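Below, each value reflects all heavy atoms present in this structure, side chains not excepted, and no hydrogens, waters or symmetry copies. Model, not experiment: these values are computed from the prediction.
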Amino acid sequence: MADSKHHGALGAVYAAKRPEEVAALYNRWSLTYDADMSAAGYRHPTICLALLARHLPRGAAPLLDAGAGTGLIGEWLNIAGYPQVEALDISEGMLAQAAHKGVYSALHCLALGGLLPFADGAYAGIISAGVFTSGHVGVEGLDELIRICRPGGIIVLTVKNTLWDQGFAARITELEAQGLISRVEETRPYISMPGEADTVPSRGLALRVI
């Protein structure tokens, strides 16, 4: 199965080669993103919220929604008892939609994959849904998330099987062996959007920073 099976705006962002191309495509998509993903049965936000709620106490703060998009998870985090959440996304257009929802304490227009302008241990938890996937962010984005999450904190993310098999799984095992993280939960592979035919599965991970 190939990622190219995705259609329309989603297929375009998966095929993108450069961060600025990804940002421009998401800017154009931002006004219809919520409706389009709802129609496709998008599962990543729900699964990530369940993993976070299982492993990070209510009220833990602050959290970072890394790859927040239009703020699909931010609304639910607020309802679920996480009142202080910051949003990070590569697309100004997506962040503008997230801002309208009024659930984020700060908005950061930044790309994952390089150094981030946050202090070590700045966040009690980090959630990143649908970001570690084709055309977006690879394993190179993981170490910075670990650095900015405080010891004892939880990082919840989804990883597309394509990336998992191309070094992500090996890096997780390496970080565990180094005593930097523990894998507290890993879901079985699942299809993130049942409304998109023949797509590559992903898995959800909950990691505790040591």
Indicate the atoms forming the closest heavy-atom contact of Pro62 with Arg150, along with that distance. CD-NH2, 3.6 Å

How would you list, by chain and number, every residue that makes a side-chain hydrogen bond (donor to acceptor under 3.5 Å, both in side chains) with Tyr82, sequence neighbours excluded? none

Using side-chain hydrogen bond (donor to acceptor under 3.5 Å, both in side chains) as the criterion, list what pairs up with Glu174, not counting sequence neighbours. Arg171

Closest non-hydrogen contact found for Ala61 with Gln84 is CB-OE1, 3.7 Å

When every non-hydrogen atom of Thr70 is compared with those of Lys101, the smallest separation belongs to O-NZ, 2.8 Å

Evaluate side chain to side chain contact (heavy atoms under 4.5 Å, CB included) for Ile47 paired with Val156, printing each intermediate quantity in order. CA-CA 10 Å; Ile47 289 168; Val156 170; over 6 Å; no

Let's go through Asp65 and Leu88 carefully: what are the C-alpha distance in whole Å and the side-chain angles of both, what is the deciding distance for side chain to side chain contact (heavy atoms under 4.5 Å, CB included) to 0.1 Å, and is it a yes or a no? CA-CA 6 Å; Asp65 184 357; Leu88 179 154; over 6 Å; no

Report whether Val103 and Leu107 are members of the same hydrophobic cluster (ILVMFWY, side-chain heavy atoms less than 4.5 Å apart, transitive linking). yes

Would you say the side-chain atoms of Tyr104 pair up with the backbone N or O of Gly74, donor to acceptor, closer than 3.5 Å? yes

Listed by chain and number, what are the side chain to side chain contact (heavy atoms under 4.5 Å, CB included) partners of Leu180, not counting sequence neighbours? Leu175, Gln178

State, yes or no, whether a side-chain contact exists between Ser182 and Ile210 at a heavy-atom distance under 4.5 Å. yes

Among residues two or more places apart or on two chains, list those pairs meeting ring pair (Phe, Tyr, Trp, His ring centres under 6.0 Å) that have a residue in residues 139-188. Phe132-Phe168

Residues forming a side-chain hydrogen bond (donor to acceptor under 3.5 Å, both in side chains) with Glu186, sequence neighbours excluded: Arg183, Arg203

Between Leu51 and Tyr190, is there a shared hydrophobic cluster once you connect ILVMFWY residues whose side-chain heavy atoms come closer than 4.5 Å? yes

Locate the shortest heavy-atom distance separating Pro201 from Ile191; write the atom from each residue and the value. CG-CD1, 3.9 Å

Indicate if Val139 and Ile155 have the same hydrophobic cluster label, given that clusters are the connected sets of ILVMFWY residues with side-chain heavy-atom separations under 4.5 angstrom. yes

Using the rule that two of Ile, Leu, Val, Met, Phe, Trp, Tyr join whenever any of their side-chain heavy atoms come within less than 4.5 Å, decide whether Ile154 and Val85 are in one cluster. yes

Show me the donor-acceptor pairs within less than 3.5 Å that the side chains of residues 109-129 make with the rest of the protein, sequence neighbours left out.
residue: Asp120; atom: OD1; partner: Arg147; partner atom: NH1; Å: 2.6
residue: Tyr123; atom: OH; partner: Glu86; partner atom: OE1; Å: 2.6
residue: Ser128; atom: OG; partner: Ala66; partner atom: O; Å: 2.8

Close side-chain approach of Arg43 and Met193, heavy atoms under 4.5 Å: no

Please check this pair: side chain of Asn161 against backbone of Val200, looking for a donor-acceptor N/O pair closer than 3.5 Å. no

Quick one: pull up CG in Leu49 and CZ in Arg54 and give me the separation to the nearest 0.5 Å. 10.5 Å

Taking every non-hydrogen atom, the tightest pair across Pro83 and Gly81: CD-O, 3.3 Å

Got Thr46 and Trp76 here, is their nearest side-chain heavy-atom distance under 4.5 Å? yes

Could you pull out the closest heavy-atom pair between Pro45 and Ile73, with the gap in Å? CB-CG1, 3.5 Å

Do Leu205 and Thr158 have side chains that approach each other closer than 4.5 Å (heavy atoms only, starting at C-beta)? no

Within a strict 4.5 Å, meaning less than it, do heavy atoms of the Ile79 and Leu77 side chains meet? no

Are Ile172 and Leu52 in one and the same hydrophobic cluster, where Ile, Leu, Val, Met, Phe, Trp and Tyr link if side-chain heavy atoms are under 4.5 Å apart? no

Are any non-hydrogen side-chain atoms of Leu157 and Leu142 less than 4.5 angstrom apart? yes

